[in-house]
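Notes follow the structure.
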Amino acid sequence: MAGTVRTGSAAAYADKLETLLRSHANAEQTVEMKAYMRDQFSFLGIRTPERAALTKPFMKEHGVPAMDELGSVVRLLWALPEREFHYTAMLLMEKRKKELGPERMELLEHLITTKSWWDTVDLLASHLAGAAFGKHPELVPAYVEKWIGSDNLWLRRSAILYQLGYKDRTDAALLFSLIRRTAHESDFFMRKAIGWALREYGKSDPDAVRAFVRETELSPLSVREALKHIGE
């Protein structure tokens, strides 16, 4: 298990991480990484393997902030413009995901709805929200209803995707209900999410997914994604 930060402030921890990553910025790689994300964000130009090679020994030396301090560290990293800091914030959250509970839902919602794009939202939904809801199912009715009814695209996408890793633990009735409520949406990210969620559940119950696709009016993209591995 990752060590816990026992001394020092959240600001000091975040500052050390910022200094470390900025010292390894690569301007040449920045251009390509920005283009891949359609110029939505700034980048330091540190690719995932390189970033992992930097953050792993950092966490070994400095530990991972305890949950009561983690939120502050994550918010400080999230406020920085470069995308690598957001990825690192999520990595720290993953290290403590078993400890996510009701008191961290506000933080999760903040991360989903700010600096939003698929590269952060999909992990936040499937790994972190999924873990929180899995451990605290009593949170599901209120939060999932709130998210699916939200005007925020990324909250709606998160409601569809949070069960991605549930496999045979998936609440199929809930998933199908959420999809029916959003199937009319024309947004690419919602249509893709619907297909992705169905494709993953199809690995556990392909017959149920085939039947649902037959009886539900879905976009061609959603249908194609849903049946990608199981056929009609």
Side-chain angles (χ1 to χ4, degrees), residues 36-38 40 48 86-87 90 93-94 97-98 100 104-105 108-232:
Y36 180 68
M37 286 296 164
R38 300 183 184 179
Q40 295 282 327
T48 300
H86 311 155
Y87 299 152
M90 293 191 300
M93 290 278 286
E94 278 205 271
K97 69 179 181 180
K98 292 182 179 179
L100 289 174
R104 303 300 163 195
M105 294 308 297
L108 272 178
E109 288 184 335
H110 172 72
L111 301 181
I112 290 170
T113 56
T114 58
K115 312 288 179 74
S116 308
W117 199 243
W118 63 265
D119 59 326
T120 54
V121 170
D122 291 359
L123 187 145
L124 292 166
S126 62
H127 288 223
L128 300 182
F133 290 144
K135 188 172 182 180
H136 298 277
E138 71 277 7
L139 297 175
V140 170
Y143 278 96
V144 173
E145 178 61 32
K146 175 185 175 182
W147 290 5
I148 204 66
S150 172
D151 291 336
N152 186 283
L153 159 70
W154 303 105
L155 284 176
R156 297 198 305 279
R157 182 173 167 99
S158 296
I160 297 291
L161 295 180
Y162 84 87
Q163 296 191 85
L164 272 185
Y166 281 24
K167 299 181 180 179
D168 57 3
R169 294 185 295 113
T170 300
D171 183 337
L174 175 59
L175 176 62
F176 293 162
S177 173
L178 296 173
I179 291 173
R180 289 189 189 98
R181 292 173 62 179
T182 52
H184 66 282
E185 296 192 33
S186 60
D187 184 88
F188 169 84
F189 288 108
M190 285 303 295
R191 291 183 168 188
K192 188 80 169 180
I194 288 169
W196 187 12
L198 290 172
R199 186 174 77 237
E200 285 303 303
Y201 183 53
K203 296 175 182 178
S204 298
D205 194 342
D207 290 339
V209 169
R210 290 190 194 99
F212 178 77
V213 170
R214 282 196 300 270
E215 68 189 24
T216 309
E217 187 174 343
L218 300 171
S219 71
L221 171 60
S222 297
V223 171
R224 185 166 62 250
E225 290 293 319
L227 302 178
K228 192 171 184 178
H229 300 305
I230 60 175
E232 298 182 8

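Since the model is a prediction, treat every value here as computed from it, not as a measurement.
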Open item on the list: Is it the case that the side chain of Tyr201 and the backbone of Gln163 share a donor-acceptor pair, with hydrogens and angles ignored and the cut-off at 3.5 Å?
Closed with: no
Task: Note, Leu198 side chain near Phe176 side chain (heavy atom, < 4.5 Å) - done: yes
Open item on the list: Using every non-hydrogen atom in the two residues, find where Ile230 and Gly202 come nearest and quote the distance to one decimal.
Closed with: CG2-O, 3.9 Å
Open item on the list: Within a 6.0 Å radius of atom CD on Glu138, are there more than 12 heavy atoms belonging to other residues, nucleotides or ligands?
Closed with: yes
- [ ] Calculate, to the nearest 0.5 Å, the distance between atoms CE and NE2 belonging to Met105 and His110 respectively.
- [x] 14.5 Å
Open item on the list: I want to check something: taking the side chain as every heavy atom from C-beta on, are Trp118 and Met37 in contact at a cut-off of under 4.5 Å?
Closed with: yes
Open item on the list: What verdict does the side-chain contact (heavy atoms from CB on, under 4.5 Å) test give for Asp168 and Asp205, after you've listed the backbone C-alpha separation in whole Å, the side-chain angles of each residue and the deciding distance to 0.1 Å?
Closed with: CA-CA 8 Å; Asp168 57 3; Asp205 194 342; over 6 Å; no
Task: 4.5 Å side-chain heavy-atom contact, Ile179 and Leu175 - done: yes
Task: Contact summary for Leu108 and Ala132, nearest pair of heavy atoms - done: CD1-CB, 4.5 Å
- [ ] Please confirm whether Trp117 and Phe189 have ring centers closer than 6.0 angstrom.
- [x] yes
Open item on the list: Would you say the ring centers of Tyr162 and Trp147 fall short of 6.0 Å from each other?
Closed with: no
Task: Arg156/Glu185 ion pair, N-O < 4.0 Å - done: yes
Task: Salt bridge present between Asp122 and Arg157 (N-O < 4.0 angstrom) - done: yes
Open item on the list: Give me the atom names and distance for the closest heavy-atom approach of Pro137 to Gly134.
Closed with: CD-O, 3.8 Å
TODO: Please examine the side chains of Glu215 and Arg180, heavy atoms only from C-beta on, and report whether any two atoms are closer than 4.5 Å.
DONE: yes
Task: Any donor-acceptor pair under 3.5 Å from Thr182 side chain to Leu178 backbone - done: yes
- [ ] Look up atom NZ in Lys167 and atom CZ in Arg169, then write down how far apart they are to the nearest 0.5 Å.
- [x] 9.5 Å
Open item on the list: Assess, by modelled atom type and distance only, whether the side chains of Tyr87 and Asp119 contain a donor and an acceptor separated by less than 3.5 Å.
Closed with: yes
Open item on the list: Between Leu111 and Thr120, is there a side-chain heavy-atom distance shorter than 4.5 Å?
Closed with: no
- [ ] Could you pull out the closest heavy-atom pair between Leu164 and Ala197, with the gap in Å?
- [x] CD2-CA, 3.9 Å
TODO: Answer whether the closest heavy-atom distance between the side chains of Leu174 and Val140 falls below 4.5 Å.
DONE: yes
Open item on the list: Could you check whether any side-chain N or O of Ser222 sits under 3.5 Å from a backbone N or O of Leu218, counting only pairs where one atom can act as donor and the other as acceptor?
Closed with: no
Task: Note: Glu109-Arg104 ion pair, threshold 4.0 Å (strictly below) - done: no
- [ ] For residues Ser158 and Val121, determine if any side-chain heavy atom of one lies less than 4.5 Å from a side-chain heavy atom of the other.
- [x] yes
Task: Side-chain donor or acceptor of Ser116 paired with backbone N/O of Ile112 under 3.5 Å - done: yes
TODO: Measure the spacing between OH of Tyr166 and OG of Ser126 and express it to the nearest 0.5 Å.
DONE: 10.0 Å
TODO: Report yes if the side chains of Lys135 and Leu100 come closer than 4.5 Å at any heavy-atom pair, otherwise no.
DONE: no
TODO: In plain terms, say whether Arg210 and Glu232 are close enough for a salt bridge, that is, a side-chain N and a carboxylate O under 4.0 Å apart.
DONE: no
Task: Cation-aromatic face contact Arg191/Phe188, 6.0 Å, 45 degrees - done: no
Task: Backbone of Asn152 reached by a side-chain donor or acceptor of Ser150 within 3.5 Å - done: yes
TODO: Of all the heavy-atom pairs spanning Leu161 and Ala125, show the shortest one and how long it is.
DONE: CB-CB, 4.2 Å
Open item on the list: How long is the straight-line distance from NE2 of His86 back to NZ of Lys115, given to the nearest 0.5 Å?
Closed with: 3.5 Å
- [ ] Report the C-alpha separation of Thr170 and Glu200 in whole Å, then their side-chain angles, then the decisive distance to 0.1 Å, and conclude whether the side-chain contact (heavy atoms from CB on, under 4.5 Å) test is met.
- [x] CA-CA 10 Å; Thr170 300; Glu200 285 303 303; over 6 Å; no
TODO: Locate the shortest heavy-atom distance separating Pro141 from Glu145; write the atom from each residue and the value.
DONE: O-CB, 3.1 Å
